[in-house]
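What follows is a single structure, written as structure tokens, with notes after it.
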Amino acid sequence: MTDTDPWLVVGLGNPGPEYTANRHNVGFMVADLLAERMGGRFKAHKARAQVVEGRIGAPGPGSRRVVVAKPLSFMNLSGGPTTALRDFYKVPLANIIAVHDELDIDFGALRLKLGGGDNGHNGLKSITKSLGPDYHRVRFGIGRPPGRMPVADFVLKDFSSVERKELDYFVDRAADAVEALVADGLERAQSTYNT
């Protein structure tokens, strides 16, 4: 792995307007904000994904080449597009970041880590099956479902009106965390953003 190797940031979600505001689509929301910050627009890629290419970090030798992607497969098939993008852009495994919703963390809290299990998350399960577990994750807390609501129903519901009041702030913070991970490395990013 060298400083010239590109990074691949994969925001996980489901394609289609009916899923846009779902809790499960927070990875797409972070990807959209990163693309906006890089001044790029998503374009269709043959890997069944939308991609934006740009740079993260201070201009000059410190900036890193980054591909931000939103797989157009459904969540539980995210591994195929992620693997195809890795191969196309020649991205080392240690330079892949999956941004995803996480049930076991309070709403809005972030945890950055390298490797680990999938914790029942179908998007991670699919990526790990394709690539192995040793990629970075930016885990965006969505909390547990209330009462006896099934997890599958909860993740496919839109954020509540109370959550939406703070959502932009938390999505902004998650995008900052991705940028810090790329520019400064995992340990520094964790010390700033892990809550």
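Side-chain atoms are counted along with the backbone in the values below, which use heavy atoms only and exclude waters and symmetry mates. Just so you know, residue 1 is the first one in the sequence shown, and it goes up from there.
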Non-hydrogen side-chain atoms of Thr20 and Asn25 separated by less than 4.5 Å: no

message: Among His45, Arg48, Lys46, exactly one meets side-chain contact (heavy atoms from CB on, under 4.5 Å) together with Leu85. Which residue is that?
response: His45

message: Using modelled atom types and a 3.5 Å cut-off, is there a donor and acceptor pairing between side-chain atoms of His136 and backbone atoms of Asn95?
response: no

- line: Residue set satisfying side-chain contact (heavy atoms from CB on, under 4.5 Å) with Lys129, at least two apart, ordered chain then number -> none

- request: Measure the acute angle between the ring planes of Phe170 and Phe107, then classify it against the limits of 30° and 60° as parallel, tilted or perpendicular.
  value: perpendicular

- request: Mark yes when over 12 heavy atoms from residues, nucleotides or ligands other than Asn76 sit less than 6.0 Å from its CG; otherwise mark no.
  value: yes

field: Closest non-hydrogen atom pair, Gly80 against Ser126
entry: N-OG, 4.5 Å

- prompt: Is any side-chain heavy atom of Tyr89 closer than 4.5 Å to a side-chain heavy atom of Val66?
  reply: no

Can you give the donor-acceptor pairs under 3.5 Å from side chains of residues 178-186 to other protein atoms, not counting sequence neighbours?
residue, atom, partner, partner atom, Å
Glu179, OE1, Arg37, NH1, 3.1
Glu179, OE2, Arg37, NH1, 3.4

- line: What one should report as the nearest heavy-atom pair of Leu103 and Phe154 is CD2-CD2, 3.8 Å

message: Could you report the tightest heavy-atom contact between Lys113 and Gln190, atom names first, then the distance?
response: CA-NE2, 4.0 Å

task: For Ala31 and Ala69, work out which heavy atoms get closest and say how close.
output: CB-O, 4.4 Å

query: Does the side chain of Trp7 come within less than 4.5 Å of Val91's, by heavy atoms?
result: no

message: Could you check whether Lys70 makes a cation-pi contact with Phe42, meaning its NZ or CZ is under 6.0 Å from the centre of the six-membered ring and within 45° of the ring axis?
response: yes

- prompt: Judged by atom type as modelled, is there a donor-acceptor pair below 3.5 Å linking the side chain of Ser191 to the main-chain atoms of Arg188?
  reply: yes

- request: Side-chain contact test, heavy atoms from C-beta onward, threshold under 4.5 Å: evaluate it for Phe28 versus Asn14 and give yes or no.
  value: no

message: For a 4.5 angstrom cut-off between non-hydrogen side-chain atoms, does Glu102 reach Arg137?
response: no

task: Might you work through the side chain to side chain contact (heavy atoms under 4.5 Å, CB included) test for Lys125 and Met75, ending with a clear yes or no?
output: CA-CA 10 Å; Lys125 206 175 280 185; Met75 177 69 86; over 6 Å; no

query: Of Leu12, Val9, Leu34, which meets side-chain contact (heavy atoms from CB on, under 4.5 Å) against Val99?
result: Val9

- request: May I ask you to test the Pro145-Asp153 pair for a side-chain heavy-atom distance under 4.5 Å?
  value: no

Contact check, side chains of Asn122 and Phe74, non-hydrogen atoms, under 4.5 Å: no

task: Answer yes or no: is there a side-chain heavy-atom contact under 4.5 Å between Val68 and Val51?
output: no

field: Gly116 to Pro133 - nearest heavy-atom pair and separation
entry: O-CB, 3.6 Å

- prompt: Donor-acceptor pair, Arg111 side chain versus Thr195 backbone, under 3.5 Å?
  reply: yes

query: Would you say Glu18 has more than 12 foreign heavy atoms packed within less than 6.0 Å of its CD?
result: yes

message: Would the distance check show the side chain of Arg23 and the main-chain N or O of Asp101 forming a donor-acceptor pair, the cut-off being under 3.5 Å?
response: no

message: Quick check: closest heavy atoms across Met38 and Glu53, and the distance to 0.1 Å?
response: CE-C, 4.4 Å

statement: Residue set satisfying side-chain contact (heavy atoms from CB on, under 4.5 Å) with Val171, at least two apart, ordered chain then number -> Val26, Met29, Val30, Leu33, Phe140, Leu167

